[in-house]
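Remember, it's a predicted structure, so these values are computed and weren't measured experimentally.
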Amino acid sequence: MKRYRNGEIWDFEYEMPLADGASGVVLGLDGGTTTTVCICMPMNPFSNSQIESLPILARAVAGCSNHNSVGETAARETLEQVMADALSKCGSKRSSVRAVCLAVSGVNHPTDQQRILNWLRDIFPSHVRLYVQNDAVAALASGTMGKLHGCVLIAGTGTIAYGFTEDGKEARAAGAGPVLGDWGSGYGIAAQALTAVIKAYDGRGSSTTLTSSILQKLGLSSPEEIIGWTYADPSWARIAALVPVVVSCAEAGDEVANKILLDSVQQLASSVKAVVERLGLCGEDGKGTFPLVMVGGVLEANKRWDIGKEVINCISKHFPGVQSIRPQVEPAVGAAWLAWNSFMKEFQ
């Protein structure tokens with residue numbers, strides 16, 4: 001078990017007493033393009049009746065941990081720091097950990113999983129069970145108490161649809177990042193809005209209130225300045241932060257903004273449709289019931305323009321048996337449930 005960065009992250013362990021032999025803890029981590037959250041929970045079993053008062057021992061928050069966005073080194077430092085912070089807050093050491101589930105955006109291939117697993121093995125003792133998933137899996141688990149069945153739609157800075165059948169088959173759609181077209185995501189919506197402003201300015205597009213609203217939001221005086229602002233720091237989360245401006249313009253009746261949101265609804269619904277059809281979650285007649293967990297700031301209700309509601313309405317036309325779920329807990333808790341469930345299955 002190594003100590004990274006000269007051991008500074010884990011120095012708190014040397015000021016703590018020896019473990020008392022308790023049942024231990026699990027770590028659940030949800031790593032996104034904007035924020036990373038780590039939850040520490042006891043190994044004790046829990047049930048649906050406890051969902052309002054889950055025994056969360058500690059919660060720690062950090063920045064982006066998507067290696068495609070910030071690079072491998074920065075992503076690892078964020079992940080390690082947030083796990084150390086969670087354990088420090090609840091007075092536990094790595095030796096007390098029984099299982100860890102890292103659910104991180106940017107984990108798109110078995111090689112991504114293996115690379116992170118190898119790195120985690122250098123951090124934790126050999127007895128700790130380690131699991132690595134895409135962050136969409138934790139989001140699904142947050143709405144199903146850790147059961148991997150159904151579909152999840154995440155629409156925040158990025159977007160992805162991910163699904164599982166009861167016998168373990170899985171499929172995904174979107175989630176390839178902004179360059180490869182995460183349309184419908186916060187980044188996609190905001191990027192289209194910025195593009196619309198530039199088009200309106202140079203005569204290629206319709207006039208839109210997005211121009212004045214975005215300039216005011218950014219403290220700029222001319223659409224030409226948007227180009228410099230965009231490329232000065234084209235981080236995904238920075239661009240996606242403009243989504244509320246787009247929604248406000250659409251709610252005020254701007255046709256360009258409204259079309260951008262309507263397009264996003266279609267894109268998000270098509271991602272879910274692709275996953276449901278590939279896995280047959282809707283049954284042979286297309287009317288079977290299945291859970292659809294909805295997660296992410298883009299899907300949250302606004303005053304009049306409710307993207308999440310419109311997505312469900314669109315999906316229901318194809319799959320009348322869809323059962324939408326808004327999780328009562330955050331995805332990091334779903335990751336902790338996954339860690340606990342996976343650990344218990346290994347020792348049944």
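In this structure the side chain of L338 reaches within 4.5 angstrom of the side chain of L148, judged on heavy atoms.
Taking 4.0 Å as the cut-off between side-chain N and carboxylate O, E80 and R76 do not count as a salt-bridged pair. Between K287 and D285 there is no salt bridge, since no side-chain N of the basic residue sits under 4.0 Å from a carboxylate O of the acidic one. Classification of E255 and K259 as a salt-bridged pair fails, no side-chain N sitting under 4.0 Å from a carboxylate O.
Contact detail for A139 and V295: the closest heavy-atom pair is CB-CG2, 4.0 Å. Nearest heavy atoms, A339 versus Y131: O-CE1, 3.9 Å. Across all non-hydrogen atoms, the minimal contact from S185 to D182 is OG-O, 2.6 Å. A pairwise comparison of heavy atoms in P327 and V293 identifies CG-CG1, 3.4 Å as the closest pair.
Rounding to the nearest 0.5 angstrom, the gap separating the CD atom in E310 from the CD1 atom in I315 is 11.5 Å.
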| task | Output, in order, the C-alpha distance, side-chain angles, deciding distance and verdict of side-chain contact (heavy atoms from CB on, under 4.5 Å) for V26 and F343. | result | CA-CA 9 Å; V26 297; F343 181 91; 5.9 Å; no

| query | For M41 and V25, what are the C-alpha separation, side-chain angles and deciding distance, and is it a side-chain contact (heavy atoms from CB on, under 4.5 Å)? | reply | CA-CA 6 Å; M41 297 177 67; V25 298; over 6 Å; no

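Figure legend: cation-pi geometry between R98 and W340 absent, as NZ or CZ is not positioned both under 6.0 Å from the six-membered ring centre and within 45° of its axis.
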